[in-house]
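Down below is the structure, laid out as structure tokens.
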Amino acid sequence: MNITRRNVLLGATAAAALGPVAARAQTSEVVIGVIYPFSGASAQMGVDAQKSFETALDIINKDHDFDLPLAKGEGLPGLGGAKVRLVFADHQADPQKGRAETERLITQEKVCAVVGTYQSAVAVTVSQICERYQIPFISADNSSPSLHRRGLKFYFRAAPHDEMFSAAMFNFFDAMKKKGVKIDTLALFHEDTIFGTDSANTQLKLAADRGYKVVSDIKYRSNSPSLSAEVQQLKTANADVLMPSSYTTDGILLVKTMAELGYKPNAIVAQDAGFSEKALYDAVGDKLEGVISRGSFSLDLAAKRPMVGKINAMFKEKSGKDFNDLTSRQFMGLLVMADAINRAKSTDGEKIREALVATDIPGEQTIMPWKRVKFDEMGQNNDADPVLLQYIGGKFVTIFPPQAAIAEAVWPMK
């Protein structure tokens with residue numbers, strides 16, 4: 001059955017509220033829409049996301065002894081113990097499909113909130129539809145900085161955006177230079193949707209501000225069949241650091257083409273996306289020993305906060321994988337939304353929005369290395385501290401910032 005038409009009923013069995021959008025005040029179940037790519041080149045992202053949301057749903061709907069919002073007890077106490085049900089929709093990595101599917105979730109499936117979307121380009125249209133219908137949207141894992149600056153009242157993002165991530169990268173470069181490491185020149189390599197474009201613009205500005213020279217700035221077409229010409233340009237520029245902003249299939253093609261053309265930079269510092277994804281390392285991990293990627297999540301945190309390891313084990317049982325930067329943000333996105341619905345004591349969009357505005361969750365009550373979850377007037381959490389992770393011996397270890405690091409950076413990469 002096509003997942004775009006399939007209700008994934010998890011936990012609750014009562015009938016969904018059938019009233020108009022503005023009138024869903026009390027219900028025996030809370031229906032939340034989840035919109036991701038479940039088909040096409042990014043389908044694996046949707047599959048992994050679904051497992052992450054199912055893990056969060058288990059925390060919400062069942063009784064767990066974790067110091068997380070809604071973990072203790074079953075369901076949403078603010079709504080009389082109502083259980084959460086998720087309805088999944090497939091946007092196929094297409095912004096216009098995302099627009100149509102979001103409207104379907106709201107008008108036909110009667111969801112009271114939406115969480116998504118992986119691709120930032122799809123988040124643009126999804127959030128516009130949510131705004132029109134006054135349905136709260138949590139941008140769980142989209143990192144384009146422009147998303148929260150469009151004056152939308154119903155848009156919220158608990159995780160960092162690429163300006164925050166890129167600032168962490170340049171802080172790391174500055175720290176390495178103080179240790180005597182030569183980092184003077186950078187090469188930017190980015191896909192041509194809003195994710196890659198915003199990322200590159202941010203990195204260009206930071207490079208100028210911090211005194212680094214960008215010797216190559218290459219924009220390529222997303223899902224390009226060949227990157228040979230682009231990689232040849234990178235090889236010729238021979239920057240000290242290559243900084244890619246690429247999704248998984250493009251990242252795999254980039255690394256394979258680099259190997260074919262004999263291009264070996266001293267370091268790769270990636271803007272997450274494909275470079276946090278297991279599929280990329282399964283395909284070309286042997287060529288990426290020492291690659292660095294920014295992130296929101298570090299499994300190393302389990303040493304200080306044991307529940308992180310236990311919740312990761314729950315996710316791994318469902319997915320066969322550890323949490324990564326994307327799936328951890330998805331998990332937190334649903335938890336934050338459900339917490340707001342619970343405090344709103346309502347499924348009315350405006351009341352949920354007001355509860356999101358009032359959110360203040362201490363970092364210790366998350367699975368992330370964040371100070372807290374608290375939204376500014378544009379719906380952005382500015383206390384979601386990024387980390388830098390290095391791929392060593394088949395796993396990621398935290399190397400920056402110093403207060404989160406468990407290892408020194410290996411430089412140059414092997």
Side-chain angles (χ1 to χ4, degrees), residues 120 139 142-151 157 159-220 230 233-234 236-246 265-273 275-276 291-296 325 369-371 374-390 398-405 408-409 411-413:
S120 290
S139 195
N142 309 117
S143 60
S144 173
S146 61
L147 286 172
H148 70 280
R149 293 175 178 148
R150 294 170 297 149
R157 173 166 48 195
H161 55 74
D162 285 335
E163 287 178 6
M164 298 165 71
F165 283 127
S166 293
M169 295 177 186
F170 281 83
N171 291 342
F172 171 67
F173 295 159
D174 291 348
M176 293 298 286
K177 286 185 75 169
K178 287 181 181 177
K179 294 180 179 180
V181 175
K182 180 185 179 296
I183 309 175
D184 297 319
T185 58
L186 310 173
L188 309 187
F189 181 82
H190 52 99
E191 51 97 58
D192 62 351
T193 73
I194 187 174
F195 161 61
T197 302
D198 276 4
S199 173
N201 288 339
T202 296
Q203 291 172 345
L204 283 168
K205 184 179 185 303
L206 281 165
D209 292 346
R210 304 284 187 99
Y212 295 88
K213 185 177 181 181
V214 176
V215 294
S216 185
D217 178 14
I218 297 174
K219 177 189 285 191
Y220 69 91
E230 291 85 352
Q233 292 178 56
L234 292 172
T236 300
N238 194 31
D240 295 325
V241 182
L242 170 63
M243 302 181 73
S245 299
S246 301
N266 281 338
I268 299 174
V269 179
Q271 193 71 280
D272 187 53
F275 283 85
S276 73
V291 69
I292 296 168
S293 179
R294 53 78 166 172
S296 299
D325 184 44
W370 300 344
K371 290 188 187 76
K374 186 176 178 64
F375 299 110
D376 67 12
E377 66 280 359
M378 292 182 285
Q380 173 63 43
N381 177 25
N382 294 309
D383 292 313
D385 303 321
V387 294
L388 294 186
L389 310 167
Q390 188 165 34
T398 308
I399 58 166
F400 192 82
Q403 62 268 28
E408 294 286 330
W411 195 289
M413 64 186 290

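Just the heavy atoms: all of them, side chains too, but no hydrogens, waters or symmetry mates, feed the values below.
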Next on the checklist: Could you check whether atom NZ of Lys182 has more than 12 heavy atoms from other residues, nucleotides or ligands sitting under 6.0 Å from it?
Outcome noted: yes

Next on the checklist: Can you tell me how far apart OG (Ser143) and CZ (Phe195) are? Round to the nearest 0.5 Å.
Outcome noted: 5.0 Å

Item to check | Whether Glu163 side chain and Ser144 backbone form a donor-acceptor pair below 3.5 Å | outcome: no

Next on the checklist: With side-chain contact (heavy atoms from CB on, under 4.5 Å) as the criterion, how do Asp272 and Phe165 come out once you've worked through the C-alpha distance, each side chain's angles and the decisive distance to 0.1 Å?
Outcome noted: CA-CA 9 Å; Asp272 187 53; Phe165 283 127; 6.0 Å; no

Next on the checklist: Please check this pair: side chain of Asp240 against backbone of Asp184, looking for a donor-acceptor N/O pair closer than 3.5 Å.
Outcome noted: yes

Checklist entry - For Asp198, does its backbone N or O pair with a side-chain atom of Thr202 as donor and acceptor, under 3.5 Å? => result yes

Checklist entry - So Trp411 and Ile183, side-chain contact (heavy atoms from CB on, under 4.5 Å) or not? Walk me through it. => result CA-CA 11 Å; Trp411 195 289; Ile183 309 175; 3.6 Å; yes

Checklist entry - Does any N or O in the side chain of Asn381 come within less than 3.5 Å of the main-chain N or O of Lys374, such that one atom is a donor and the other an acceptor? => result yes

Checklist entry - Which of these, Met243, Lys219, Glu230, sits in a side chain to side chain contact (heavy atoms under 4.5 Å, CB included) with Phe189? => result Glu230

Checklist entry - Do side-chain atoms of Arg294 reach the backbone of Met169 as a donor and acceptor pair under 3.5 angstrom? => result no

Checklist entry - Would Met164 and Gln380 satisfy side-chain contact (heavy atoms from CB on, under 4.5 Å), going step by step from the backbone distance to the final call? => result CA-CA 11 Å; Met164 298 165 71; Gln380 173 63 43; 4.0 Å; yes

Next on the checklist: For Leu147, is there any backbone N or O sitting under 3.5 Å from a side-chain donor or acceptor partner on Arg150?
Outcome noted: yes

Item to check | Tyr212/Val241 under side-chain contact (heavy atoms from CB on, under 4.5 Å): CA gap, chis, key distance, verdict | outcome: CA-CA 11 Å; Tyr212 295 88; Val241 182; over 6 Å; no

